[in-house]
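Everything on this sheet refers to the single structure shown next.
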2 protein chains.
Amino acid sequence: MSKKVSIVDIANTLNISKTTVSFILNGRAQEKRISEELVERVQKLVKEVGYKPNSLAKSLRTGKSNIIGLMVEDISNPFFASIARLIENRAYENGYRIIYCSTDNDTERTRELISMFRDRHVDGYIISPPEGIEEDVKELLGSGQPVVMFDRYLQDIDTDHVIVDNAFSMYNATQHLVQQGYRNIALITFSSAQSQMMDRVTGYKNALKDAKLKPLLKEIDFNRNEALITEPLMAFLKKNTGIDAILFGTDHIGTCGLKVIRQLGLKVPEDVAVVSFDDYDVFKLHSPPVSAIAQPIEALADHVISLMLKKLDANATPTTQKITLSTNLNIRESSLQHSKAVAE
Amino acid sequence: MSKKVSIVDIANTLNISKTTVSFILNGRAQEKRISEELVERVQKLVKEVGYKPNSLAKSLRTGKSNIIGLMVEDISNPFFASIARLIENRAYENGYRIIYCSTDNDTERTRELISMFRDRHVDGYIISPPEGIEEDVKELLGSGQPVVMFDRYLQDIDTDHVIVDNAFSMYNATQHLVQQGYRNIALITFSSAQSQMMDRVTGYKNALKDAKLKPLLKEIDFNRNEALITEPLMAFLKKNTGIDAILFGTDHIGTCGLKVIRQLGLKVPEDVAVVSFDDYDVFKLHSPPVSAIAQPIEALADHVISLMLKKLDANATPTTQKITLSTNLNIRESSLQHSKAVAE
DNA sequence: GTGAAAGCGCTAACAG
DNA sequence: CTGTTAGCGCTTTCAC
């Protein structure tokens, strides 16, 4: 109805060839030594009729789309939502658009999504990969597609990635609890073979080993249904009454944990101290405020998109970079030793 | 490298024409009376070489993409993130993919995004529209594009939309505060000419008028930078010390509000009662738990995607539906009158 | 029953 | 400096 103007139309109206128009529109007028005057006439008409090149046809021809596919684990998770947002903005500023999707940590679905992105000729893939997706990523890499992973990485694959120092972060947080005098420190997290989770568990175990304390690890299956998280959590806490401090492996499980703690009527930190991975409003606003390991969200997003833009830049020398950022342990009342507790 | 197989390749390998292959692949073999045997040979080969039609070329030809564009105000906002997630899943189940983007309530950006979606030949548009986008939406509608709005709608445009009963919800929440004995009830919200905001303000004002109380409205400019929200908020609360109850217009402003209240050392609900629009973990976990107007997120998402699918179905009779859902006022301690306060 | 050929809108050799 | 032409990979009319 309105979107009918094509490059041919404007060429015809001006009685020139569409090639010329194409050159002008793609800024190659100088190079092709097209007369200033013609250039202006074309640009004027383009404005007038509101001509917009059909990017689908363009992509079909060039193989480029200026679109980057972003696959997060779950867009409704604050950590991923914030990162996605920042990446989207940075990409936008650089002339790229972002398409996001949630993988749900589902390998099959991720596979389909990758295939959809591929069909759509996205120029690059930013992925927080689920387990079991190695082969597909290898194939992507094999056909020269730019791939950047974040939050976690795949062991056997040599790709760019940006992650945080999960092991050290968790070591540090655990040590903090030890220093505050806690002795029965549990780690509650999602059962997962993903690198970030494994590293967090490792950090926790090492810290306890160094302190000559016994680890108490509870792994819960990931599920979108909150009740299926809170129930086992509740059972665990009821059973292990000796626990005096809990580390939560992610923001989501931390949130669920706080709900359970509240239901059980436990006092924080008097009955049980709490530290969670990831930091967000829920923890800051909680009473008492909850100590949390804050990931550097802005820096993460920045590095991810910079890496991608670099890979997308044909002139840049192809290298693969692995970036590890450090986190920040925000200590709040929830993990202070009771006797030393102070108002924030 | 691996994605090189085209319909021509498979036609050549089998020494038949690409037309035939196309027919078979699109399930028109019967109709075209192509021999069973040929059909099978083609399908076998397709499997073997892992041929996947290039959907870009397909879209270019057919104008269909099986992709729905979803534009939310801000994906990092829990309300929009949850809805996006639900819509994505429902679409996925129905063979559609979702591309999301954040508009940031920026008209110019939204315009670009719409244009990108259009270029990409998305089949439908789901939009939480910013102000000033009327013309663009009209144009979309004019060229027969399916559009469904949610969360708010544009006054002068007749499109399908699904919203909640903002005016009544806010009326109801205000009335609740009145009944609890509060007399100086402020509404703090984003300054916006969007329908949902205007309706919320209307509901608030009407309730106070009915109760013969004076409204106290504070509108804050929307900004992604949190400090630019908390500062004016802080100033407002410091100045108007008579306030005994506050309604917050959205989850985001509610969260900021709680931070400010905490900074000021005000007790909830003793010093000031609180009710917020939107309900999520921050409010549930807050001490005391914060009363909130919960939007029916699942139902919203369901209706939005159903409406869209119906519009996408060529056989369905074109109608425009306006759906208004009701909210749920979850009363918690933050808005109980001090003297009556009870543990939840 | 099957194939040739014309495009969808665009880019880029290659000629002039 | 500008135009001709050949595709990108697919669908679809129209002939055979």
Side-chain angles (χ1 to χ4, degrees), chain A residues 1-42 46 49-67 115 118-123 314, chain B residues 1-42 46 49-66 115-116 118-123 143:
Chain A
M1 189 130 202
S2 61
K3 202 48 173 295
K4 286 259 161 110
V5 223
S6 91
I7 196 168
V8 184
D9 298 326
I10 100 116
N12 286 344
T13 326
L14 257 36
N15 276 321
I16 55 177
S17 113
K18 57 178 181 170
T19 314
T20 314
V21 181
S22 172
F23 282 148
I24 295 177
L25 262 32
N26 292 313
R28 302 177 57 185
Q30 290 240 323
E31 176 190 335
K32 295 292 174 182
R33 299 211 244 153
I34 296 171
S35 70
E36 285 265 327
E37 181 258 335
L38 220 196
V39 172
E40 269 169 32
R41 271 171 57 212
V42 169
V46 163
V49 301
Y51 164 74
K52 287 264 192 165
N54 177 323
S55 62
L56 211 56
K58 197 166 172 169
S59 296
L60 183 57
R61 186 63 235 264
T62 60
K64 281 219 51 170
S65 63
N66 278 307
I67 294 186
S115 153
R118 195 153 196 183
D119 284 358
R120 292 275 126 197
H121 286 203
V122 302
D123 294 342
Chain B
M1 190 133 202
S2 62
K3 201 49 172 297
K4 287 258 161 110
V5 224
S6 93
I7 196 168
V8 184
D9 299 323
I10 102 116
N12 286 344
T13 327
L14 258 35
N15 278 317
I16 55 176
S17 109
K18 57 176 181 172
T19 314
T20 314
V21 180
S22 172
F23 282 150
I24 294 177
L25 261 31
N26 292 311
R28 303 177 56 186
Q30 289 241 323
E31 178 191 330
K32 296 293 175 181
R33 298 211 244 155
I34 295 171
S35 70
E36 286 263 325
E37 182 256 337
L38 219 199
V39 172
E40 269 171 31
R41 271 171 56 213
V42 169
V46 163
V49 300
Y51 164 74
K52 286 262 193 164
N54 177 323
S55 61
L56 213 55
K58 198 166 170 169
S59 296
L60 182 58
R61 188 63 234 266
T62 61
K64 280 218 53 170
S65 64
N66 277 305
S115 153
M116 150 178 155
R118 193 154 198 183
D119 283 357
R120 294 273 128 196
H121 285 204
V122 303
D123 294 342
S143 49

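Just so we're on the same page: letters track the sequence lines, and every chain starts at 1. Everything numeric here is computed off the predicted structure, so don't read it as measured data.
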Exercise. What nucleic acid atoms does L56(B) come within less than 4.0 Å of, heavy atoms only: base, sugar-phosphate, or nothing?
Worked result: nothing

For this session: May I have the distance from R61(B) (atom CZ) to dG9(D) (atom C1'), rounded to whole angstrom?
Result: 11 Å

For this session: Please determine if a side-chain N or O atom of S22(B) lies less than 4.0 Å away from the OP1 or OP2 oxygen of dT11(D).
Result: yes

Problem set entry | Separation of atom NZ in K58(A) from atom P in dG9(D), rounded to whole Å | 19 Å

Problem set entry | Contact under 4.0 Å: T19(A) side-chain N or O vs dG3(D) OP1/OP2 | no

Exercise. Can you tell me how far the OH atom of Y51(A) sits from the CG atom of D9(A), to the nearest 0.5 Å?
Worked result: 9.0 Å

For this session: Can you tell me the distance, in whole Å, between the CG atom of L38(B) and the P atom of dT2(C)?
Result: 5 Å

For this session: Rounded off to whole Å, could you give me the CG-to-P distance for the N54(A) and dG7(C) pair?
Result: 18 Å

Problem set entry | First of I34(B) and A57(B) reached from the 5' end of DNA chain C, by closest nucleotide | I34(B)

For this session: Answer whether the closest heavy-atom distance between the side chains of L60(A) and L56(A) falls below 4.5 Å.
Result: no

For this session: Measure from the side-chain heavy atoms of P53(A) and tell me the nearest of dT12(D), dG3(D), dC10(C).
Result: dC10(C)

Seminar exercise, completed: Of the listed dT11(D), dC1(D), dC8(D), the closest approach to the L60(A) side chain comes from dC8(D)

For this session: Find the distance K18(B):NZ to dT13(D):P and express it as a whole number of Å.
Result: 15 Å

Seminar exercise, completed: From CG of N15(A) across to P of dC1(D) the rounded distance in Å is 20 Å

Exercise. Rounded to whole angstrom units, what separation is found between the NZ atom of K32(B) and the P atom of dC16(D)?
Worked result: 16 Å

Exercise. Does N26(B) place a side-chain N or O at less than 4.0 Å from the phosphate oxygens OP1/OP2 of dT11(D)?
Worked result: yes

Exercise. Within the distance-only criterion (no hydrogens, no angle test), does the side chain of S65(A) pair as donor or acceptor with the backbone N or O of H121(A) below 3.5 angstrom?
Worked result: yes

Show every donor-acceptor pair shorter than 3.5 Å between a side-chain atom in residues 27-35 of chain B and any protein atom, with sequence neighbours excluded, or say none if there are none.
| unit_1 | atom_1 | unit_2 | atom_2 | d |
| --- | --- | --- | --- | --- |
| R28(B) | NH2 | E31(B) | OE2 | 3.3 |
| S35(B) | OG | L38(B) | N | 3.2 |

Seminar exercise, completed: Residues A11(B) and S17(B): closest non-hydrogen pair is CB-C, 3.7 Å

Exercise. Counting side-chain heavy atoms from C-beta on, which of dG1(C), dG9(C), dA12(C) comes nearest to F23(A)?
Worked result: dA12(C)

For this session: Could you tell me whether the phosphate oxygens of dT12(D), OP1 or OP2, come under 4.0 Å of any side-chain nitrogen or oxygen in R28(B)?
Result: yes

Exercise. What is the distance, rounded to the nearest whole Å, between atom CD1 of I10(A) and atom P of dC10(C)?
Worked result: 10 Å

